[in-house]
Trainee: 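What follows is a structure written as structure tokens; I'll ask about it next.
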Number of protein chains: 2
Amino acid sequence: MEASKETSKRVKANSNGADPKKSELAREKILQAAKEVFSRQPYHAASLRAIAKQGGFDHPLIRYYFPTKAALFTAVVERIVLEFGDAHLIWLQDLDTLSPSQGLGLLVDRVLVYDRQYPHGTCIIMQNIAQVDRLDALPGYRLVPELFARIGSSFRKKVPLSAPEDEIDMFFSCLIAAFVNFLGAPAAHARRMGMDPASTEYAQWVRKAIMAQFVPWLGKLALPFSTY
Amino acid sequence: MEASKETSKRVKANSNGADPKKSELAREKILQAAKEVFSRQPYHAASLRAIAKQGGFDHPLIRYYFPTKAALFTAVVERIVLEFGDAHLIWLQDLDTLSPSQGLGLLVDRVLVYDRQYPHGTCIIMQNIAQVDRLDALPGYRLVPELFARIGSSFRKKVPLSAPEDEIDMFFSCLIAAFVNFLGAPAAHARRMGMDPASTEYAQWVRKAIMAQFVPWLGKLALPFSTY
DNA sequence: AACTGGTTTTACCATTTGTAAAAAAATATT
DNA sequence: AATATTTTTTTACAAATGGTAAAACCAGTT
């Protein structure tokens, strides 16, 4: 019997006494393969067969766990948005006591470490970001702007700045755009300087670039009477 | 008889006495429709039929002027790269006598005016930039990194700075990335602030954002003994 | 050993895609 | 006006895609 509803299958797998490993593992295997492929190609260019080949299974297996391609992509986006949703809270911890340079440096380091471990998130976002004005063509992708909005309000809360709200929003927009750009399309920038997009050399380049762009600006936004 | 070679048709159209308008106009009409569609969708998601519908003709007409979809996309990319290749020389004129703030301001204004008149270039670049590590899948797209490299060396020549070459390259990479990002995917950023991506309000936002990010940095890179 | 449930594969379908050739229409040439 | 040439449309096709159903497989249970 096939899993028509999102949860019914998992419930079933859990309910039949034995460990739910088999089904859960297969679902995970599919999600992982999809993540891989969707991070290399935009939604419409990625095919279910390519995902199946990537994961070493046959493409109708996908349908057993996800009713449509749209549902699979949505699940992938949900996953990475959840991961970012947890991670960004940690990224922003304990920055308020630091100087602009120290604080932003710590933030960048945290993001870079995260991106090394989970490199797919930014890539999937970047692959499809130019299509955000057609959200109907990108199932589930509306979660991405929503995520950015949430990270934005976290940022405003956890990094209190004295500047007017507009300017802080602008700063944040540019910062997150830079991260998505440099981490989500590393080849576009690394190749220009003859670097390997996956190298630590490039990661250090990104660090330096973001610091150079944003530290002076952040300094201007920071509380003038704050004691670092 | 069909135009197999790129130029043979045009030559023929020119050679038969009368004005070459008909053929040239049709070719232009197709290129224009393709530009429109390719600026809304990445290469693989855009179909020849969608382009034909956009231009109000039947899709096999495309093949009469362009042997394949790849050739059409290449022609579009060649076109926008040529346009940028002319335009960027003007953008960079007479900046060297200005202060970082004045010079960058003028540059940004020039780019914004250009982008308002030719909004497709940055969009087409942005739609496909995340696939730049698979140039075999994007016919003609290699011209884009090549263009960026050329603009980069123009920048270094026309805007002489005292900083080490690495830093200037880094500055330029970030600047062009910001332009491509903000102008090539305007909806992604404008919507976040509740703006219309095509509005002058958003254009002014982009101006302010780029100035805030890059003026202080440029100040550090500028010749310390230069007289503005 | 036979059965039962969940899981995976095989085979297939309708649609869309890029491409192709031939027919039709429009234009130019004599 | 009749013919030749160029341009456009009609029609068709093979490949790839998302989706579907049925068969095969596999693990426990009886």
Side-chain angles (χ1 to χ4, degrees), chain A residues 1-5 7-30 33-34 37-38 41-74 137 139, chain B residues 1-5 7-30 33-34 37-38 41-75 137-139:
Chain A
M1 184 204 187
E2 119 186 7
S4 55
K5 288 274 186 290
T7 50
S8 67
K9 172 211 49 51
R10 214 173 333 189
V11 169
K12 253 174 244 149
N14 284 353
S15 65
N16 68 354
D19 58 359
K21 274 177 189 164
K22 188 76 179 299
S23 170
E24 208 53 44
L25 242 93
R27 192 188 164 87
E28 200 54 36
K29 181 176 63 178
I30 293 170
V37 172
F38 282 132
Q41 282 163 324
Y43 174 68
H44 284 101
S47 76
L48 294 178
R49 283 166 173 85
I51 292 168
K53 179 179 258 187
Q54 165 75 36
F57 47 84
D58 295 276
H59 79 272
L61 184 62
I62 296 172
R63 206 181 94 92
Y64 184 71
Y65 292 93
F66 303 92
T68 64
K69 180 185 178 182
L72 173 61
F73 185 71
T74 300
Chain B
M1 180 203 184
E2 124 185 5
S4 54
K5 287 274 186 288
T7 50
S8 66
K9 172 208 49 54
R10 215 172 334 187
V11 168
K12 252 173 245 150
N14 285 354
S15 65
N16 66 355
D19 59 358
K21 274 177 190 164
K22 187 74 182 300
S23 171
E24 207 54 43
L25 242 93
R27 192 188 164 88
E28 201 54 36
K29 178 176 65 177
I30 292 170
V37 171
F38 282 133
Q41 284 164 323
Y43 175 67
H44 284 101
S47 75
L48 294 178
R49 283 166 175 83
I51 292 169
K53 178 179 259 186
Q54 165 75 36
F57 47 84
D58 294 276
H59 76 273
L61 184 61
I62 296 172
R63 209 179 95 90
Y64 183 72
Y65 292 93
F66 304 93
T68 62
K69 179 186 178 182
L72 173 60
F73 186 71
T74 300
L138 284 182

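In what follows, chains are A, B, ... by sequence order, proteins preceding strands, each numbered from 1.
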Trainee: Within this structure, what is the CG-to-P distance between Leu72(B) and dT17(C), rounded to whole angstrom?
Mentor: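 Answer to the nearest Å: 15 Å.
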Trainee: If you compare every side-chain N and O of Tyr65(A) against the phosphate oxygens of dT8(C) (OP1, OP2), does one of them come in below 4.0 Å?
Mentor: yes
Trainee: What is the separation between atom CG on Asp58(B) and atom P on dA24(C), rounded to the nearest whole Å?
Mentor: 16 Å
Trainee: Looking only at non-hydrogen atoms, find the nearest pair between Ile30(A) and Leu61(A) and report the distance.
Mentor: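 Residues Ile30(A) and Leu61(A), closest heavy atoms: CD1-O, 3.9 Å.
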Trainee: Name the atoms and distances for all side-chain donor-acceptor pairs under 3.5 Å in residues 45-56 of chain A, with sequence neighbours left out.
Mentor:
from, atom 1, to, atom 2, distance (Å)
Ser47(A), OG, Ala50(A), N, 3.0
Gln54(A), OE1, Arg40(A), NH2, 2.9

Trainee: Mind calculating the distance between CG (Leu61(B)) and P (dT19(C)) to the nearest angstrom?
Mentor: 15 Å
Trainee: Taking atom P of dT8(C) as reference, at what distance in whole Å does atom CZ of Arg27(A) sit?
Mentor: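 Answer to the nearest Å: 13 Å.
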Trainee: Parallel, tilted or perpendicular: which fits the ring planes of Tyr43(A) and Phe38(A), with parallel below 30° and perpendicular above 60°?
Mentor: parallel
Trainee: Do any side-chain nitrogens or oxygens of Tyr64(B) fall under 4.0 Å of OP1 or OP2 in dT8(D)?
Mentor: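 Looking at the OP1 and OP2 atoms of dT8(D), neither is under 4.0 Å from any side-chain N or O of Tyr64(B).
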Trainee: Atom CD of Gln41(B) to atom C1' of dT17(C): distance rounded to whole Å?
Mentor: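 Gln41(B) atom CD is separated from dT17(C) atom C1' by 13 Å.
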Trainee: Give the minimum heavy-atom separation between Tyr65(A) and Ala26(A), together with the two atoms involved.
Mentor: OH-CB, 3.3 Å
Trainee: Whole Å only: how far is the CD1 atom of Ile30(A) from the P atom of dT7(C)?
Mentor: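 In whole Å, dT7(C) P lies 11 Å from Ile30(A) CD1.
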Trainee: I'd like to check the ring pair (Phe, Tyr, Trp, His ring centres under 6.0 Å) partners of Phe57(A); sequence neighbours left out, ordered by chain and number.
Mentor: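 None.
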Trainee: Which parts of nucleotides 13-19 of chain D does protein reach within less than 4.0 Å, heavy atoms only, written one letter per nucleotide 5' to 3' as B for base, S for sugar-phosphate only and - for none?
Mentor: ----BBB
Trainee: I need the minimum non-hydrogen distance between Pro139(B) and Ala137(B), along with the two atoms involved.
Mentor: CD-O, 3.6 Å
